[in-house]
Amino acid sequence: TTGGTSVPNGSKLNLCLCGHTITGPEGSGASVFFVNTGMTIGDCATTPGQIISRNDAYGSVMYLYEHNGATTVDIFAGTLRSAMASQTKDGGIIYIGNQGKNLATLNLYGGTIVGKSVTENGGAVNIIKGNRLNMYGGWITGGAAKNGGAIRMSDGSTFNMYGGTIGNNSATASGGAIYAKGTCKLQLRGGTITDNSATTDGGSIYITDTVTLEIYDGATVTKGTAGNEGGNVRNGSKTSFNIYGGAITYGNAKSGGNLMLFGPLNMYGGKIT
């Protein structure tokens, strides 16, 4: 086929993979799914199924940019990945944007998002313009990008992490796991960010501009590696960085093994070891 599957405005697709594999179209501009209003992905099989892309599109598996109403996608199971080793577009697997004032929310409860190598931003997920990612479980792994090996955020987007794992992602510049700029907000309330790396700064997380980062009990940021600054976290002069609990551990960098601070840090609990 020459195009993916469109879930039109006002409709919702409930997809049970049942252990099967969905392979998307070949080409340069077609995601496997274009979602306008809503979609749920689950799996009733013991061995989960897969959704595989074969293109160079923004969000090669799922594209949530041109939605016409408030959009919600819930992922409970399955593996989302690409058959291509690399691509030039942002958001290797999922791209979350907006259309006017209509916002999109991706809820990840389970399953695996396997990123790929992108030349710019967001090896697995790219999220912009006030849209939201909530992670309750599952894995995001294998992404590589210039900025944001797993996740790149900008323009007021939000990421809330309650569980799951973001691991084994890399950036050729900054933010091995997460790169955030603009007025974005990150809340880490659970889950683990581990074994990510950046060639320059922020092996696990890189925040700049007026980004807010909050870490609570139950969240762990660990084993990040940066070639230059901030093995686990590197912040900017205008950012807001508050630690209420959780743990930041075992970072490695030329400067600031765990943290490289160019802006304030308020620490009310937790540990840095």
Side-chain angles (χ1 to χ4, degrees), residues 34-38 58-59 62-75 89-108 113 115 118 120-136 140 143 145-162 164 166 169 171 173-191 193 201-202 204-216 219 221 230 233-244 262-266:
F34 299 84
V35 184
N36 287 280
T37 304
Y58 290 103
M62 190 175 294
Y63 185 67
L64 291 83
Y65 185 77
E66 295 178 347
H67 46 273
N68 299 313
T71 301
T72 301
V73 172
D74 299 318
I75 299 175
K89 307 295 193 303
D90 293 343
I93 305 301
I94 299 175
Y95 193 97
I96 312 172
N98 81 328
Q99 181 70 28
K101 296 181 179 179
N102 301 312
L103 300 181
T105 299
L106 172 65
N107 297 312
L108 183 62
I113 299 174
V118 301
E120 291 299 325
N121 305 303
V125 179
N126 194 78
I127 175 170
I128 67 171
K129 295 186 178 179
N131 294 280
R132 184 182 302 267
L133 169 62
N134 298 317
M135 186 173 182
Y136 301 94
I140 301 177
K146 180 180 178 180
N147 294 308
I151 300 168
R152 185 258 194 172
M153 306 168 60
S154 66
D155 307 318
S157 56
T158 298
F159 175 39
N160 299 312
M161 186 174 185
Y162 302 97
I166 302 173
N169 303 279
S174 301
I178 302 169
Y179 177 96
K181 61 179 290 187
T183 56
C184 298
K185 186 171 185 178
L186 288 78
Q187 287 192 343
L188 307 182
R189 294 182 175 271
I193 298 173
D201 303 326
S204 296
I205 301 171
Y206 182 99
I207 59 174
T208 187
D209 299 330
T210 56
V211 170
T212 296
L213 170 60
E214 298 176 348
I215 301 176
Y216 295 85
V221 182
V233 181
R234 195 269 199 193
N235 76 344
S237 61
K238 297 180 181 180
T239 58
S240 176
F241 184 12
N242 301 305
I243 300 176
Y244 300 98
F262 288 89
L265 165 65
N266 298 310

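One is the number of the first residue; the rest follow in order along the sequence. Since the model is a prediction, treat every value here as computed from it, not as a measurement.
Nearest approach of Gly149 to Asn169, heavy atoms of both residues: C-CB, 3.9 Å. For the residue pair Gly148 and Ala171, the shortest heavy atom distance occurs at N-CB, 4.3 Å. Closest heavy-atom contact between Gly122 and Ala145: N-CB, 3.7 Å. The shortest non-hydrogen separation linking Ser237 to Pro264 is O-CD, 4.0 Å. Between Ala104 and Ile96, the closest heavy-atom pair is CB-CG2, 3.8 Å.
Relative ring orientation between Tyr58 and Tyr95 is described as perpendicular, the plane-to-plane angle rising above 60° on a 0-90° scale split at 30° and 60°.
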Query raised in the report: Can you list the steps and then say if Ile151 with Ile140 is a side-chain contact (heavy atoms from CB on, under 4.5 Å)?
Result: CA-CA 9 Å; Ile151 300 168; Ile140 301 177; 4.0 Å; yes
Report task. For the pair Arg132 and Asn160, evaluate side-chain contact (heavy atoms from CB on, under 4.5 Å) and give the outcome as yes or no after the intermediate values. Result -> CA-CA 8 Å; Arg132 184 182 302 267; Asn160 299 312; 3.3 Å; yes
Query raised in the report: When you look at Ile94 and Val73, which way does the side-chain contact (heavy atoms from CB on, under 4.5 Å) test go after all the steps?
Result: CA-CA 11 Å; Ile94 299 175; Val73 172; over 6 Å; no
Query - Candidate pair Thr71 and Val35, rule side-chain contact (heavy atoms from CB on, under 4.5 Å), full reasoning - result: CA-CA 8 Å; Thr71 301; Val35 184; 3.9 Å; yes
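Put simply, CD1 on Ile128 and OG on Ser157 are 8.5 Å apart, with the number rounded to the nearest 0.5 Å. A distance of 8.5 Å separates CE of Met135 from CD1 of Ile193, quoted to the nearest 0.5 Å. Note that the CZ atom of Arg234 and the CD1 atom of Ile205 stand 14.0 Å from one another [nearest 0.5 Å]. Atom CG of Asn242 sits about 10.5 Å away from atom CD of Gln187, to the nearest 0.5 Å. Remark: Ile166 CD1 to Phe159 CZ distance equals 4.0 Å, nearest 0.5 Å. Note that the CG atom of Leu186 and the CG atom of Leu213 stand 5.5 Å from one another [nearest 0.5 Å].
Residues meeting the salt bridge (charged side-chain N to carboxylate O under 4.0 Å, His left out) test with Arg152, sequence neighbours left out: none. For Phe241, there are no ring pair (Phe, Tyr, Trp, His ring centres under 6.0 Å) partners at least two apart in sequence or on another chain. Every residue meeting the ring pair (Phe, Tyr, Trp, His ring centres under 6.0 Å) condition with Tyr244, not counting sequence neighbours, appears here in chain and number order: Tyr216, Tyr268.
Each of Leu106, Leu133, Asp155 was evaluated against Ile127; a single residue qualifies, Leu133, per the side chain to side chain contact (heavy atoms under 4.5 Å, CB included) test.
For the pair Asn235 (side chain) and Phe262 (backbone), a donor-acceptor distance under 3.5 Å is present. At least one donor-acceptor pair under 3.5 Å links the side chain of Asn147 to the backbone N or O of Ser174. Side chain of Asn121 to main chain of Asp90: no donor-acceptor pair is present (N/O by atom type, distance under 3.5 Å, no hydrogens or angles). Formation of a donor-acceptor pair under 3.5 Å by the Thr210 side chain with backbone atoms of Gly182 is found in this model.
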